[in-house]
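Numbering of ligands and ligand atoms starts at 1, following listing order.
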Amino acid sequence: MTKTQPNKPNLSSTVAEVNFASYILNASGPRCTTEAELHNLGQSESAAIMTKSCTLLAREGNPEPRYKALPQGSIQSMGLPNLGYKAYLDMLPRLTQYNKPLIVSISGLSINDNVEMVSAFQKSAADLLEVNFSCPNVPGKPQLGYDFEQTDKALAAITKFGDKPLGIKLPAYFDFNHFETVANILKKYPVKFISSINSIGNTLVIDPETESPVIKPKAGFGGLCGSYIKPIGLANVNAFRQLLPKEISIFGVGGIYSGSDAFEYLLAGADAVQVATCYQEQGTECFSRISNELSQILSRKNYQDINDAKGALKLL
Ligand code: RRO
């Protein structure tokens with residue numbers, strides 16, 4: 001008698017009509033700034049290559065210490081260190097050899113900066129453009145996504161040119177009025193995806209021994225990441241999944257370390273998930289590990305395909 005091998009569930013995903021070989025990719029932020037880091041992602045099982053958010057000009061970022069690992073995540077205030085957008089424009093053609101989607105993260109310091117970079121990347125080898133409306137760590141610059149008037153204005157400006165799918169990286173919201181207001185703004189424009197959530201901005205971790213914050217920039221105020229923020233990410237993904245039309249895809253981000261974490265985002269309605277702190281801490285091995293764990297969970301629950309569980313949260 002031949003033993004039948006249970007079929008491996010299908011993890012391939014579609015975000016903004018672009019195909020991804022699996023459900024798990026890197027988030028903008030950790031280990032995706034230099035060309036070597038991006039090639040490393042190309043060789044890994046990350047379903048895409050996502051870049052660190054770029055600005056018009058190269059930036060060193062904030063003074064150190066600016067990243068601190070915590071028992072269940074991290075706090076950081078990197079301050080947008082990056083090579084400047086022209087360096088990413090230049091290296092994109094060399095990253096196409098991996099045959100996986102290239103996602104450029106754009107984080108202009110003004111609407112005009114975003115317009116200049118979006119129009120340049122619209123003519124590049126990038127497959128998707130993620131415009132960051134939620135960096136919490138540039139001193140004096142508020143998070144765009146918390147200013148609804150400016151969010152509307154910025155979207156009007158950056159969605160004018162080019163056919164490449166454009167999405168935005170949102171901060172976390174904590175009120176249903178805010179979810180609804182943001183969803184209604186997004187629906188006015190050809191936004192193809194959202195990435196939800198960024199780190200929770202302006203949190204403070206204090207070391208009682210040294211009596212100091214654990215990071216230096218902004219008097220210790222920084223973005224909270226990792227498992228601490230997973231319930232907030234799940235709530236944001238699920239709220240936006242209910243409020244946005246299905247044509248707008250959702251990347252879930254925030255506290256994904258395991259197949260179970262990814263499965264929870266799948267139930268909440270995420271089309272794919274991005275991994276940040278776990279990748280920072282564990283390196284590229286995490287992408288295959290989390291994918292395998294997710295496969296095992298789906299098999300055990302008799303799901304043949306991730307689409308069968310997507311958004312299938314069972315309410316009590
Ligand atoms: O570089 C950063 O400090 C940073 C950015 Br651009 C962001 O979008 N989110 C974050 O937590 N850190």
Side-chain angles (χ1 to χ4, degrees), residues 25-34 37-38 50-70 72-85 87-88 103-110 113-114 117-118 121 129-147 150-151 154 158 167-173 193-205 213-230 232-233 236 251-256 274-281:
L25 57 140
N26 73 298
S28 183
R31 302 179 190 248
C32 56
T33 302
T34 66
E37 288 169 331
L38 294 167
M50 165 83 83
T51 71
K52 171 69 184 168
S53 291
C54 62
T55 47
L56 277 189
L57 301 175
R59 288 170 59 89
E60 292 284 334
N62 289 339
E64 296 185 348
R66 60 189 187 182
Y67 178 94
K68 173 77 177 169
L70 301 172
Q72 294 189 65
S74 62
I75 184 172
Q76 48 73 32
S77 180
M78 306 305 289
L80 263 170
N82 78 93
L83 306 177
Y85 84 104
Y88 299 100
I103 314 176
V104 175
S105 173
I106 296 167
S107 194
L109 301 177
S110 67
D113 288 7
N114 279 330
M117 290 188 279
V118 167
F121 284 114
L129 312 184
E130 182 184 276
V131 185
N132 187 355
F133 278 26
S134 47
C135 175
N137 297 332
V138 176
K141 288 272 169 202
Q143 284 156 278
L144 188 57
Y146 286 140
D147 182 332
Q150 286 300 310
T151 293
I158 62 177
I168 63 174
K169 176 95 168 254
L170 293 171
Y173 300 98
F193 67 92
I194 61 166
S195 300
S196 173
I197 55 176
N198 209 317
S199 66
I200 307 296
N202 300 309
T203 63
L204 181 62
V205 174
V214 298
I215 56 172
K216 181 178 170 113
K218 286 181 70 178
F221 284 63
L224 188 66
C225 307
S227 299
Y228 303 109
I229 73 168
K230 186 178 72 171
I232 304 166
N236 275 258
F251 282 117
V253 205
I256 296 157
Q274 303 177 359
V275 180
T277 309
C278 177
Y279 170 45
Q280 170 65 34
E281 294 297 322

Identity and separation of the nearest protein heavy atom to atom 9 (N) of ligand 1:
N198 OD1, 2.7 Å
Are I256 and K230 side-chain neighbours, meaning at least one heavy-atom pair lies under 4.5 Å?
no
May I ask whether K52 places a heavy atom under 4.0 Å from ligand 1?
yes
For ligand 1, find out whether one of its N or O atoms is nearer than 3.5 Å to an N or O atom of G223.
no
Hey, which atoms in ligand 1 end up nearer than 4.0 Å to a heavy atom of S199?
10 (C), 11 (O)
Heavy-atom nearest neighbour in the protein, as seen from atom 10 (C) of ligand 1, with distance rounded to 0.1 Å
Q76 NE2, 3.4 Å
Under a 3.5 Å threshold, yes or no: a donor from one side chain and an acceptor from the other, between T55 and D113?
no
dist I168:CD1 -> N114:CG (nearest 0.5 Å) comes out at 10.5 Å
Identify, by atom number and element, the atoms of ligand 1 in contact range of N137, meaning under 4.0 Å from any of its heavy atoms.
2 (C), 3 (O), 4 (C), 10 (C), 11 (O), 12 (N)
Are more than 12 heavy atoms from other residues, nucleotides or ligands located less than 6.0 Å from atom OH of Y146?
yes
Any idea which atoms of ligand 1 are less than 4.0 Å away from a heavy-atom of M78?
1 (O), 2 (C), 3 (O)
Where's the contact between S107 and ligand 1, heavy-atom distance under 4.0 Å: side chain, backbone, both or neither?
neither
Any chance you could measure N202, atom CG, to N137, atom CG, to the nearest 0.5 Å?
7.5 Å
May I ask which of C135, P217, G79 has a heavy atom nearer to atom 3 (O) of ligand 1 than the others do?
G79
Ligand 1 atoms in contact with N132 (distance to a heavy atom under 4.0 Å):
6 (Br), 7 (C), 8 (O)
Are I215 and Y67 packed together at the side-chain level, in the sense that at least one heavy-atom pair is separated by less than 4.5 angstrom?
no
Is the shortest heavy-atom distance from the side chain of Y228 to the side chain of T203 under 4.5 Å?
no
G29 heavy atom under 4.0 Å from ligand 1:
no
Find the distance between OG1 (T51) and CG (N82) and round it off to the nearest 0.5 Å.
8.5 Å
Within a distance under 4.0 Å of any heavy atom of L80, pick out the atoms of ligand 1 and give their elements.
1 (O), 2 (C), 3 (O), 6 (Br)
